[in-house]
Chemist: 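Please find one structure pasted underneath; my questions will follow.
Because the structure is a prediction, the values reported are computed rather than measured. Protein chains get the first letters and strands the later ones, always in sequence-line order, with residue 1 at the start of each.
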There are 2 protein chains.
Amino acid sequence: MSSFDDVQNRFGAADQGSLRRTNLALVLGRLRDQGPRSRARLATELGITRSGVSSLVGELVERGLVRTGVVERGAVGRPGTSVRLDGRSVCGIGAEINVHHVATMAMDLSGNVVAEHRLTLDGNRHEASEVVDRLVELVSRTEDDVAAHGAAPVGLTVGVAGLVDSTRDMLTLGPNLEWREVPVGAMIRDRLQPDYPVVIDNEGNLAAIAETLPGDPGRRDILVIFGEVGLGGGIVADGRLLRGRQGYAGEFGHMIVDPQGRRCGCGRIGCWETVAGLRALLDAAADTDDAVRDPALGLQARLAELNRRADLGDTRTLAALDQVGGWIGVGAAMLTNALNPAAIVLSGYFAEVGHHMRGSIEARLEAGVLAPHAGGTVVELSTLGFTAAVRGGATLALESVFADPTRVERLVPVAQGESR
Amino acid sequence: MSSFDDVQNRFGAADQGSLRRTNLALVLGRLRDQGPRSRARLATELGITRSGVSSLVGELVERGLVRTGVVERGAVGRPGTSVRLDGRSVCGIGAEINVHHVATMAMDLSGNVVAEHRLTLDGNRHEASEVVDRLVELVSRTEDDVAAHGAAPVGLTVGVAGLVDSTRDMLTLGPNLEWREVPVGAMIRDRLQPDYPVVIDNEGNLAAIAETLPGDPGRRDILVIFGEVGLGGGIVADGRLLRGRQGYAGEFGHMIVDPQGRRCGCGRIGCWETVAGLRALLDAAADTDDAVRDPALGLQARLAELNRRADLGDTRTLAALDQVGGWIGVGAAMLTNALNPAAIVLSGYFAEVGHHMRGSIEARLEAGVLAPHAGGTVVELSTLGFTAAVRGGATLALESVFADPTRVERLVPVAQGESR
DNA sequence: ACATCTTTGTAAGATAACTTTGCAAAGTTT
DNA sequence: AAACTTTGCAAAGTTATCTTACAAAGATGT
């Protein structure tokens with residue numbers, strides 16, 4: 001039921017066409033959110049008649065979006081044939097540009113990951129054109145995988161670590177990439193010449209979309225904190241991603257929480273990411289010559305080592321996790337007072353080491369929120385790790401189909417004058 | 001075009017009826033947002049045919065929601081007859097329960113204030129039942145005024161200073177009222193026995209709704225900071241009020257911004273309202289025996305006196321305003337990083353004295369936001385003052401009609417079998 | 001002064017989507 | 001084996017929009 005971009009009824013009047021679109025989307029969304037089921041069941045659940053559902057399912061089959069499956073026998077009466085999403089028709093593609101890597105993921109309509117590619121970067125500054133070249137290569141390979149799967153791409157969403165101006169299709173500022181005013185979207189379109197839309201977005205926003213599990217009402221109001229080199233995230237309110245006026249929403253990392261603290265890469269002092277970002281954790285947990293600080297090892301391995309130490313009870317490591325967790329809690333409490341989310345989801349590097357921080361986060365959250373029991377907000381760890389952004393990008397691309405299934409062409413065009 | 005409560009398409013399928021409702025709402029909303037205009041103009045603007053608009057307007061006239069007005073002649077061609085909202089049919093009622101006063105406002109469909117009542121309280125603690133009795137009296141008088149205007153109430157929204165749990169219809173906690181777990185909605189319904197819905201909400205949220213000017217695209221993403229004894233507010237994202245999981249969103253006043261600061265009424269230390277609330281301003285601006293600290297004088301008069309001193313260049317007053325403005329800016333910057341609003345609207349007591357704070361607020365905002373030029377966020381002063389909450393309540397009650405005009409009965413019922 | 005042009009508002013018919021109604025098909029229960 | 005339940009579809013009915021056509025009301029041009 002969630003829709004991040006309201007294609008439906010954006011403006012303009014409703015006519016028979018939009019009526020049909022709405023109901024096609026309703027059936028398709030139900031199948032995504034609740035899984036396969038018979039036409040009759042869809043009818044009772046959605047409040048449409050059985051004939052109506054038959055007609056809608058028929059059109060969705062013609063468009064290749066669903067297919068009929070096994071026979072489901074109930075307790076009594078004629079068994080129904082279940083209808084389910086057909087993953088072989090379309091795929092959404094997500095991509096990510098970060099300091100540490102570029103990556104892509106393709107996901108089909110049923111949520112299956114069809115392709116996943118990742119290229120690790122050395123972490124030093126590179127020109128945008130160079131990085132985009134690498135990414136486009138990955139996207140090309142992903143396109144091939146999608147084609148091999150028998151599907152067509154319906155969209156590409158590129159998550160970038162930085163401020164993305166959605167109105168100008170431009171990366172305004174990427175403090176950690178050290179980029180400024182880069183037209184990432186246009187650069188990709190120029191090189192790729194795709195026949196599907198390419199949009200860019202903030203990686204934290206995409207990570208937030210990835211956490212909004214379809215059909216889970218407990219995930220309609222969430223706050224996602226995405227930790228990487230920087231600290232970003234996204235806000236999902238009432239099932240919709242909050243972008244703000246220009247698309248800059250979710251820049252949690254630069255909220256100033258420690259005015260007497262350290263200087264941030266952005267030039268300010270005491271930004272949240274200086275005390276709760278990855279660097280803060282490593283600084284507190286290890287000396288400069290420690291292996292976990294060695295970029296050559298790869299992020300995953302370094303975090304695994306930290307985890308190992310924490311599990312063994314190493315006091316310095318545990319104290320570092322505790323300290324960073326406390327700062328996470330301080331910021332989370334402020335945002336919880338403002339937003340009252342159902343859950344705060346910790347993603348990115350927190351997915352790896354967050355379970356050691358949970359206690360200190362929850363303590364500070366509880367202490368810093370006016371509403372009793374932190375307003376019912378619970379702290380959850382993402383299971384997506386560093387794939388959250390690409391997954392969210394693919395999800396967002398697919399969302400256009402779920403919002404308007406008629407975007408996918410019929411396999412068998414309707415003959416002139418023929419009724420549906 | 002804004003709708004705070006999506007009555008439309010809440011769930012369930014779309015049928016001919018919802019199609020009609022959507023288009024009726026579209027026409028009605030356009031007339032609200034853009035003012036009176038001819039059927040032909042509505043048709044071209046909304047993308048409906050002229051005959052379609054004729055039919056829709058006809059039904060809206062039957063329901064008493066619009067009426068045809070003057071003849072508008074264009075440059076050439078047959079002049080059109082303008083259609084406009086008819087304020088004589090329905091009114092929304094807003095109410096407010098605060099430490100300093102209870103108040104009501106009735107507003108008709110065209111936004112005219114039909115009634116306004118206010119009862120100043122002494123600021124001491126009172127039992128909820130006692131205060132609700134006073135409020136119900138005011139609402140009764142307001143109902144009479146609405147009836148005298150020839151209209152019927154379509155809803156009552158009661159703003160309360162505190163945490164309002166929208167799922168339980170309950171004031172969970174009112175720190176400044178010193179109330180806890182009070183079923184304000186049920187209490188009012190018991191006493192008033194109304195034939196229209198009564199809902200309760202947070203006063204900051206209602207103030208935010210009041211600031212979302214219909215039809216102004218620059219007000220679709222705003223952050224409203226509502227200063228009273230406490231500090232609250234609301235977030236409007238994409239034209240919709242953000243409530244959060246339980247309705248606790250917008251409790252900005254208890255974000256901890258000064259951990260080494262003073263104890264707050266809620267028991268914590270350094271809440272935003274301890275440094276930017278009304279009390280903080282008065283503490284900084286005047287000694288305890290100063291007239292501006294005398295509750296007997298009334299808030300309005302005390303703020304006017306502060307204004308007078310500031311205008312005369314009194315250094316202590318100006319310094320106090322500067323200091324509080326700085327703290328407002330600190331919190332506003334954090335929220336702006338998270339939400340990227342188009343505007344931060346200062347309401348409540350800020351409407352009176354905010355123009356003296358503007359400089360310090362904007363300086364801190366600019367300094368504390370990652371996005372260049374504070375992400376385009378501008379600081380604006382509300383012109384509504386202490387009536388923001390009741391106005392927002394009335395607006396919200398009316399919103400149900402704008403979202404679904406068929407909620408208002410036809411004056412002339414359709415004869416059986418007769419077409420529309 | 002009168003015909004022509006432009007625009008408005010409405011009505012009648014066409015189209016499209018849903019619902020209602022009816023029924024055959026495919027099972028279980030008695 | 002008959003009765004019952006449930007499923008899925010097709011034909012007819014309802015309703016809301018769009019298409020087309022036209023009268024009304026004023027401006028413009030000769």
Chemist: Quickly work out the B/Arg21 CZ to D/dT17 P distance and round it to whole Å.
Modeler: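 Distance, rounded to whole Å: 12 Å.
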Chemist: Figure out the CG/P separation between A/Leu46 and C/dA17, and round it to whole Å.
Modeler: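 In whole Å, C/dA17 P lies 18 Å from A/Leu46 CG.
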Chemist: Does B/Ala151 have any side-chain contact (heavy atoms from CB on, under 4.5 Å) partners at least two apart in sequence or in another chain, and if so, which?
Modeler: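 B/Ala151: side-chain contact (heavy atoms from CB on, under 4.5 Å) contacts with B/Cys91, B/Val146, B/His149.
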Chemist: Taking N and O atoms by type only, does the side chain of A/Gln16 place a donor or acceptor under 3.5 Å from a partner on the base of C/dA16?
Modeler: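 Such a pair exists between side chain and base.
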Chemist: Just by distance, no angles: are the side chains of B/Ser55 and B/Arg20 close enough, under 3.5 Å, to form a donor-acceptor pair?
Modeler: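 A donor-acceptor contact under 3.5 Å links the two side chains.
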Chemist: Check whether A/Asp221 reaches the backbone of A/Ala237 with its side chain - one donor and one acceptor, N or O, closer than 3.5 Å.
Modeler: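 Here the side-chain-to-backbone pair does not exist.
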Chemist: Is the side chain of B/Arg220 donor-acceptor paired with the backbone N or O of B/Asp238 at a distance under 3.5 Å, no angle test?
Modeler: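 Such a contact is found between B/Arg220 side chain and B/Asp238 backbone.
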Chemist: Please report the end-to-end axis angle for the helix from C/dA1-D/dT30 to C/dT30-D/dA1, five pairs per end, rounded to 10 degrees.
Modeler: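 The angle separating the two end axes equals 10°.
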Chemist: Of all residues at least two apart in sequence or in a different chain, which pass the side-chain hydrogen bond (donor to acceptor under 3.5 Å, both in side chains) check with B/Arg88?
Modeler: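 Testing B/Arg88 for side-chain hydrogen bond (donor to acceptor under 3.5 Å, both in side chains), a comparison that skips the adjacent residues, returns B/Asp86.
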Chemist: Figure out the CD1/P separation between A/Ile48 and D/dC9, and round it to whole Å.
Modeler: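 For the pair A/Ile48 CD1 and D/dC9 P, the rounded distance is 15 Å.
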Chemist: Treat primed atoms plus P, OP1 and OP2 as sugar-phosphate and everything else as base, then score nucleotides 1-12 of chain C 5' to 3': B for base contact with protein heavy atoms under 4.0 Å, S for sugar-phosphate contact only, - for none.
Modeler: -----BBBBBB-
Chemist: With a 3.5 Å distance limit and no angle check, can you tell me whether B/Asp15 reaches the backbone of B/Ser18 through a side-chain donor-acceptor pair?
Modeler: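 Flag set: sc B/Asp15 to bb B/Ser18 pair under 3.5 Å.
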Chemist: Using the side-chain hydrogen bond (donor to acceptor under 3.5 Å, both in side chains) criterion, which residues pair with B/Thr406? Sequence neighbours excluded.
Modeler: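 Per chain and number, B/Thr406 pairs via side-chain hydrogen bond (donor to acceptor under 3.5 Å, both in side chains) with B/Asp404.
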Chemist: According to side-chain hydrogen bond (donor to acceptor under 3.5 Å, both in side chains), who are the partners of B/Arg39, at least two apart in sequence or on a separate chain?
Modeler: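 B/Arg39 satisfies side-chain hydrogen bond (donor to acceptor under 3.5 Å, both in side chains) with B/Thr81 only.
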